[in-house]
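Worksheet: the structure to be examined is printed underneath.
So that the names make sense, note that chain A is the first sequence line, chain B the second, and so on, each numbered from 1.
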Amino acid sequence: MSSGISFAVNGRGVTAQIDGAATLLDVIRNDLGLTGTKEGCTEGECGACTVLIDGKPVHSCIYPAVSVDGHSVVTIEGISDGETGRAVQEAFWDAGGIQCGFCTPGFIVTVAALLENNPAPSEDEVRIALAGNICRCTGYSQILDAVEVVVSGKERA
Amino acid sequence: MKVRRVTTTEQALEALAEHGSAAQPLAGGTDVMVQLSRNEISPDVLVPINDLAELSTVETNGGVRVGALVTHETLAKGALGSGYRSIAEAAHTVGGWQTQAVGTLGGNICNASPAADTLPPLLVHDAELELRSSGGSRTLGLEEFLVGRRQTRRAPDELLVSVGLTPGAPRSGDVYLKVGRRSAVEVAIVGLAMRLVFDRNEIVSKARIALASVAAVPLRVRAAETLLEGEALDGHLLDEVSAAVLGATSPIDDLRASATYRRLLVPGLVRRAAGVCARRAGVSSPVEEAYQ
Ligand SMILES: Cc1cc2nc3c(=O)[nH]c(=O)nc-3n(C[C@H](O)[C@H](O)[C@H](O)COP(=O)(O)OP(=O)(O)OC[C@H]3O[C@@H](n4cnc5c(N)ncnc54)[C@H](O)[C@@H]3O)c2cc1C
Ligand code: FES
Ligand code: FES
């Protein structure tokens, strides 16, 4: 049985008809056509599907769509429009924090959320914030480098 | 599967009363959604409760009362204050940021996993659960609430509303130590919570020890607590305490660790926990330095 929800995505109001256990990821990718958010494990383990709800990162693959009714969602498409998000994207590019790129939207959303809350995190704080995101290509050090580039405001030599 | 939309706790309780065991409360959904997709549960009706503001508050006057919907993120930031560090430490180990931002204390309790991280620290703080149905409220100790793996004494028409904790005491310290395969986003191989209250002469006046991942449910080990009460901490006593803990638990072999490995971890965790509790209570203890 379907049920109507209305919420904001990247600042724009949207409505959707959803089935009982539909996930937010289903709605974002299939109903709204926002395919920047990736589907990896579908069990909350890998972070590829990370989006922000009311500013906090969540695994959209296990987030009940019905629960976003009345809330505000930001996806990687919305992150790239913001100043912090752009800076993070460019730093990932510069520092080699992207290889196959599948994990990248999730990482960038999580890093952008971290920097919005804490513009100067320590490396430990970055590692803790990113513990719910998995990358099988980079070995993480280039990702940490990318965050460092944004935090220090410096270009990499 | 249907979704029953509610805006108040009363409406949620009505929905549960109407559908009984066919209804499944949905808080953060970090357990429910995974169990649904694995076909481990098959409720007819989901009752989302995530926006019930009444269940999302923390009260800290005198004792502490934590709403069932308070998230691990809020707890990990220390919302309960310095007397409840074990709870903050446990919440900080529940998955990654995405899980902590969404997962709730009430969900961790009602899901009743043997490895649920917040349960040992809640047990050492003598947690009392407030359960409410449309017929009324009752209070139940957490220990009594937990029956077996994913089994509790929650009636199908009841919601967990809040969790009451024993008030902080002077000269007390608490801690949660978790061993996993890696340092983050890991299910506990063993989790151990301890809380010690000392008298003016640095004698343990009250002890609580509880563990996760060593039995079908997280549990308190009374025999170990009794050994500590009335004594000063020393290495020999803590060996006896570890033996009592091992005697009361029944770790299993699973894909994360063998039962033997779990048993080998216990003595070190007991000594380290006692040392941290003593330090946090402001009591001099030879234990932590000697064994770390
Ligand atoms: C990637 C990942 C990592 C995880 N890591 C850990 C970990 O390290 N340690 C750990 O302990 N857990 C872990 N979990 C499990 C889970 O996140 C926690 O158990 C969490 O606290 C569940 O809360 P929730 O609000 O999401 O619960 P939900 O999934 O919404 O509910 C869980 C259960 O409790 C019931 N319920 C929820 N609230 C109430 C209420 N107020 N009254 C009555 N019944 C209720 C539901 O019906 C359901 O049976 C992990 C989960 C994921 C996906
Ligand atoms: S796809 Fe959501 S966490 Fe992996
Ligand atoms: S770049 Fe391939 S998974 Fe991270």
- A22(A) portion near chain B, given a 4.5 angstrom heavy-atom threshold: backbone

- Query: Do L46(B) and V66(A) come within less than 4.5 Å of each other through their side chains, counting heavy atoms only?
  - Reply: no

- Task: Tell me, out of K56(A), E45(A), E43(A), R127(A), who's got the most heavy-atom pairs with chain B below 4.5 Å.
- Result: E43(A)

- Note on the structure: D69(A) and D51(B) have their tightest heavy-atom pair at O-OD2, 4.1 Å

- Message: Looking at every heavy atom in both S67(A) and L26(B), which two are closest together, and how far apart are they?
- Response: OG-CD2, 4.5 Å

- Task: Answer yes or no: is there a donor N or O on one side and an acceptor on the other, between the side chain of R5(B) and the main chain of G4(A), under 3.5 Å?
- Result: yes

- Note on the structure: Heavy-atom closest pair (A101(B) atom, P57(A) atom, distance to 0.1 Å) is CB-O, 3.7 Å

- So which part of E73(B) gets closer than 4.5 Å to some heavy atom of chain A, the side chain, the backbone, both or neither? side chain

- Task: Measure the OG1-CD1 distance between T99(B) and I62(A) for me, rounded to the nearest 0.5 Å.
- Result: 6.0 Å

- Pick from I128(A), V58(A), L114(A): which one makes a side chain to side chain contact (heavy atoms under 4.5 Å, CB included) with W97(B)? L114(A)

- Query: In Å and rounded to the nearest 0.5 Å, what is the CD to SG distance from Q98(B) to C46(A)?
  - Reply: 9.5 Å

- What are the two closest non-hydrogen atoms of M33(B) and A21(A), and how far apart are they? CE-O, 3.4 Å

